[in-house]
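Here is the structure we will look at.
Every number for a ligand or one of its atoms is a count from 1 in the order of the listing.
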Amino acid sequence: MLVLGIESSCDETGIALYDTNQGLIAHALHSQIEMHAEYGGVVPELASRDHIRRVLPLIQKVLTDANLELSDIEGIAYTKGPGLSGALLVGTSVAEALAFTLNVPTVGVHHLEGHLLAPLLEENPPAFPFVALLVSGGHTQLMRVSEIGEYELLGDTLDDAAGEAFDKTAKLLDLSYPGGPAVSKLAEQGIKDRFKLPRSMLHSGDLNFSFSGLKTAVLTLANSNELDPQTKADIAYEFQEAVTEVLVSKCANALKKTGLNNLIVSGGVGANKRLRERLNAEAKRKGFHVHYPRLEFCTDNGAMIAFAGAMRLKNLADDGGNHSFTVRPRWDLAELQKP
Ligand code: KG4
Ligand code: ZN
């Protein structure tokens, strides 16, 4: 089954074609990062308008790249939520209108399920069950994944998400948006042991996280030091060490607690080099396996939506052919059920 995937939940228009026999066939992305950069964050109205401009040309592009026609599409997956409602409505309405014309089934995909399953697009994907660490701008969660749609929450952040902490730290250090890559790049110049930041909840005994204390500690450091380039790099370094140490430790604990041997990492922060370095070292030490999406599929993309949608569509005998739609700007992953 050839599935068209459409992602438009935030500031990236992502389109892809995934075939249940052949795998990923084509994908294309337009990032709005530059457009929003001058505002220091995503402007929802601008985001929606840009999705409108990009979505159809990108669909045409993936079809051309794959040497396929619109009429080859057998199902359409789109991000139904969570995300910005205006942005979600663009992808959703295009998907449903196209599906109506082509007379093919649709599936509204949960954005986080897309992220969660993205590592399965790579070679040698792990078999179910496994533990998933979902680290994005809005989420820091550990889950036990028994199969598609069966996600048991093992741990969550009590306050800020890891990506949010990166973004806020970047703002305090006067770095560019989005903050994660900027902090990570600056940290490479940082000197070890100049500053010490808290590893919140490292020894809490559970699998939960907290990053708001770390953010406050960065604020205190930023206010009490002259922010010359080296000092900024030293703060970025220690901040990244603090976040990654806690993430790695909780992942290892989650594997121990569940008795599982495979970990998948997904979401924007999963692109962090230092996190991957530390997780790989821990995996070697403790004898578990870690699976990541390729870097471009850590952040928002159409491939993960096409894939998650394909997994659901292939189990869906009939979607009823009713192309009315709603979006879910707020949507708890725990509400999902098996396809
Ligand atoms: O998954 P994503 O693209 O969007 C959400 O659904 O939230 O994640 C975006 C988040 C942002 O907070 C961004 O700063 C962070 O991922 N991020 C990174 C890196 N690349 C993106 N954080 C740390 N290191 C990176 N290399
Ligand atoms: Zn995302």
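Residue K171 places its NZ atom among 12 or fewer non-hydrogen atoms of other residues, nucleotides or ligands, all under 6.0 Å distant. Atom CG of N223 is surrounded by more than 12 heavy atoms from other residues, nucleotides or ligands within 6.0 Å. The neighbour count for E335 CD, taken as heavy atoms of other residues, nucleotides or ligands under 6.0 Å away, is above 12. Few gaps surround CG on D228; more than 12 heavy atoms of other groups in view lie less than 6.0 Å from it.
The ligand atoms of ligand 1 that sit less than 4.0 angstrom from a heavy atom of G163 are 12 (O). Which parts of ligand 1 touch T299 is read off a 4.0 Å heavy-atom cut-off, strictly below it: atoms 3 (O). Of all the atoms in ligand 1, the ones that sit under 4.0 Å from a non-hydrogen atom of G138 are 7 (O).
Looking from atom 24 (N) of ligand 1 to the surrounding protein, the closest heavy atom is N272 ND2, 2.9 Å. Protein heavy atom in closest approach to atom 11 (C) of ligand 1: D167 OD2, 3.6 Å. Of all protein heavy atoms, the one lying nearest to atom 4 (O) of ligand 1 is D300 OD1, 3.7 Å. Looking only at protein heavy atoms, the nearest one to atom 19 (C) of ligand 1 is G268 O, 3.5 Å. Shortest contact from atom 10 (C) of ligand 1 to any protein heavy atom: G137 N, 3.5 Å. For atom 6 (O) of ligand 1, the nearest non-hydrogen atom of the protein is H111 NE2, 3.4 Å. Shortest contact from atom 18 (C) of ligand 1 to any protein heavy atom: G180 CA, 3.5 Å.
There is no side-chain donor-acceptor pair under 3.5 Å between T13 and H30. With hydrogens and angles left out, the side-chain atoms of H115 and D300 include a donor and acceptor closer than 3.5 Å. A donor and an acceptor atom, one from each side chain of S146 and E152, are nowhere located under 3.5 Å apart.
Proximity of H115 to ligand 1, defined as any heavy-atom pair under 4.0 Å, is confined to the side chain (atoms from C-beta onward).
Around the Zn ion (ligand 2), the protein contributes the following N, O or S atoms at distances under 2.8 Å: H111 NE2, H115 NE2, D300 OD1.
With hydrogens and angles disregarded, a donor-acceptor distance shorter than 3.5 Å links the side chain of Y151 to the backbone of G149. Checking side-chain atoms of S9 against main-chain N and O of G83 turns up no donor-acceptor pair under 3.5 Å. A donor-acceptor contact shorter than 3.5 Å is absent between the side chain of T92 and the backbone of K80.
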One pair to check against side chain to side chain donor-acceptor pair (under 3.5 Å): R144 and T258. What are the steps and the verdict? CA-CA 8 Å; R144 183 186 197 280; T258 53; 5.6 Å; no

